[in-house]
Amino acid sequence: MQNVFAELTWRRLINQTTDDQHLPKWLNEKPRTVYAGFDPTADSLHVGHLMALMILRRFQQAGHRPIAVVGGATGMIGDPSGKSEERKLLSVETLNANVAGMEKQLRRFLDFDCGDRSALLVNNYDWMGRFGYLEFLRDIGKHFPVNVMLTKDSVKNRLDRDDAGLSYTEFSYMLLQAYDFVHLNAEFDCEIQVGGSDQWGNITAGIDLARRLRGVQLYGMTCPLLTKSDGSKMGKTESGALWLDPNKTSPYHFYQYWINLEDADVDKCLRFFTDLAEDRIRTVVAEHRAAPEKRSGQRTLAAELTRLVHGADGLRAAEKATEIFFGAEISDLDDGQLSAIFADVPSKELPRQRLEDEGLWIADALVEAGLAKSKGEARRTIEQGGAYVNNRRIESVETRLTAGDLASRSVMVLRSGKKRYALLRFAD
RNA sequence: GGGGGGUUUCCCGAGCGGUCAAAGGGGUCAGACUGUAAAUCUGAUGGCGUAGCCUUCGCAGGUUCGAAUCCUGCACCCCCCA
């Protein structure tokens, strides 16, 4: 049994608990069962889920048993917490697909095969789906005074707004989550729930319900919201959320997000998201402060987190891609590796025959690849020294490309400027 | 209904018979610098294998050796008077 409370404290993962006095001791007494919920709003987890996930992970590492609950039922309703508008309902098929996608990813963070403290993965649809409406109102609804519900932040905030209402459906959300906690307590002896700070109301609702229905005392703990030093949301890119699914966000982009993190957020993220020990983090941060231009903090963070989410192979791919995207000459790579590295880069297929005889004029190649709108533009780029083939600068507008300029069997990597890439594939 | 002003290249905006592919600014694209940031500086910015040619200045005609620039008609926008 390790002291998980102390661990979470130095990692600054505790925002609020239902019992600061007794919780640390209570957690050290014996292995406890802890749960966190994940709403299946998409077919992949994203960085926003990472906080709760890492907390479960640390509980397990300390010797406790984590339960990840995917909200097949609650996801059908939509949690109003932290949301400014009524959400649209997802179809049952979408929900099922989403639940399946998230399950796969959860396995990376939690150990599902280690004896007593093996993680559990459950779907609340399995117990909520069977409930009849009348039954639910009699057995559960009866215990929720509306005046108490109305004081919850998630409800109050929505009612205070002039531009968004709150449907009866979403209003009922907290009853479902409260019942989840009670069910998990009865079924798995789960006694503590963790979640983001916006989950406080839902968690305490569950604790109240458990006391009334079962006469037991449960606990709750929230972590801080994940925001950047400038106040914006962490894990948001111009193209949307930062997903954990490599098909939605490539390991390279995932890695790059952390490499580009503000200096001010590095310490915090190392504590939140890596398994590194406290003194190691202190060392990394100290080194980083001494020479911020080296980005050693970001590098450590990016490497640790990418390895955790995408595995050692994913990290290697991301590092290789980084090296190449920042100008390393391209050589010794085959078609498959290049396709993987440049997965998000536009590509165009041309007949191999274009490389024969005279070869392919470099300006035509840039236009074909979409890096220039006209040959004139291509010509200018070349004249200004901004055109590259396989990351080698093209010196002359007269350059013609032949089979010898292929980076691999059939791929040629074109680049305009610092980082606009495109591939040309030459089919037989 | 009457009078006046406008419509320019991706955007704003100059041009008011040839030296206009059209000033200037913004944007964009390159280059330098840099910590994969911002700022700054430099260059480029209709098309075409380009000492040249072709297409652009609301639309259609016309005057002229020559029109973004002058004339006529049409369309749309703005302002003033009624």
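Each chain gets a letter, A, B and so on, in the order its sequence line appears, and its residues count up from 1.
Residue R379(A) places no side-chain atom within donor-acceptor reach of the base of rG47(B), judged by atom type and a 3.5 Å distance cut-off alone. In the interface, the side chain of E293(A) is not paired with the base of rU34(B) through any donor and acceptor atom under 3.5 Å apart.
Taking atom NZ on K418(A) and atom P on rA38(B), their separation rounds to 11 Å, with Å as the unit. In this structure, E383(A) places its CD atom 12 Å from C1' of rG49(B), rounding to the nearest Å. Rounded to whole angstrom, the span from the NE2 atom of H288(A) across to the P atom of rG35(B) amounts to 13 Å. The interatomic distance linking K373(A) (NZ) with rG47(B) (P) rounds to 9 Å, in whole Å. For the pair K375(A) NZ and rG49(B) C1', the interatomic distance rounds to 8 Å; values are reported in whole Å. Here rG31(B) presents its P atom at 12 Å from CD1 of I382(A), a figure rounded to the nearest Å. Taking atom CG of L366(A) as the reference point, atom C1' of rA30(B) lies 12 Å away to the nearest angstrom. Following rounding to the nearest Å, R415(A) (CZ) and rG31(B) (C1') show an atom-to-atom distance of 12 Å.
Nucleotide rA38(B) has no partner under the Watson-Crick or G-U criteria, as no pair reaches both atom distances under 3.5 Å. With both pairing distances under 3.5 Å, rG73(B) is matched to rC59(B) as a Watson-Crick or G-U wobble pair. Under the Watson-Crick or G-U wobble criterion, with both distances below 3.5 Å, rC10(B) is paired with rG26(B). Pair assignment for rA68(B): none, as no Watson-Crick or G-U wobble contacts are both less than 3.5 Å.
Comparing rG6(B) with rC16(B), their C1' atoms are spaced 14 Å from each other, to the whole Å. Going from the P atom of rG3(B) to that of rU72(B) covers 14 Å, rounded to whole Å. One P atom belongs to rU9(B), the other to rA60(B), and the distance between them is 15 Å to the nearest Å. Taking atom P in both rA14(B) and rC70(B), one finds a spacing of 16 Å when rounded to whole Å. Distance check on atom C1': rU69(B) versus rG18(B) gives 11 Å, rounded to whole Å. Taking atom C1' on both rA23(B) and rA68(B), the two are 14 Å apart, rounded to the nearest angstrom. The gap from the P atom of rU55(B) to that of rC79(B) amounts to 39 Å, rounded to the nearest Å. Rounded to a whole angstrom, the distance from the C1' atom of rU8(B) to that of rU40(B) is 32 Å.
Between E383(A) and R380(A), no side-chain nitrogen of the basic residue sits less than 4.0 Å from a carboxylate oxygen of the acidic one, so the salt-bridge criterion is not met. Salt bridge annotation for R57(A)-D275(A): present, with a cationic side-chain nitrogen under 4.0 angstrom from a carboxylate oxygen.
Donor-acceptor pairing under 3.5 Å is recorded for the side chains of Q193(A) and Q177(A).
If you check every strand for non-hydrogen atoms under 4.0 Å, S416(A) touches sugar and phosphate atoms only. Among the atoms of the strands shown, base atoms are found under 4.0 Å from some heavy atom of Q298(A). Residue E377(A) is out of contact with every strand shown, counting any heavy-atom pair closer than 4.0 Å.
Taking side-chain N and O atoms only, S374(A) has a distance below 4.0 Å to OP1 or OP2 of rG47(B). For rG31(B), neither phosphate oxygen OP1 nor OP2 lies less than 4.0 angstrom from any side-chain nitrogen or oxygen of R380(A). Residue Y388(A) places at least one side-chain N or O under 4.0 Å from the OP1 or OP2 atom of rG31(B).
Between Y179(A) and N124(A) the shortest side-chain heavy-atom distance does not fall below 4.5 Å.
Nearer to the 5' terminus of RNA chain B, by closest-nucleotide assignment, is the contact made by R299(A) (compared with the other of R299(A) and W361(A)). The 5' end of RNA chain B is approached more closely, in terms of each residue's nearest nucleotide, by G386(A) than by the other of G386(A) and D263(A).
Aromatic ring centres of F188(A) and Y35(A) lie farther apart than the 6.0 Å criterion allows.
Results of the side-chain contact (heavy atoms from CB on, under 4.5 Å) test with N98(A) over V70(A), L45(A), D43(A) single out D43(A) as the only residue that passes.
Cation-pi contact between R107(A) and F112(A): present, with separation from the ring centre below 6.0 Å and deviation from the ring axis of at most 45°.
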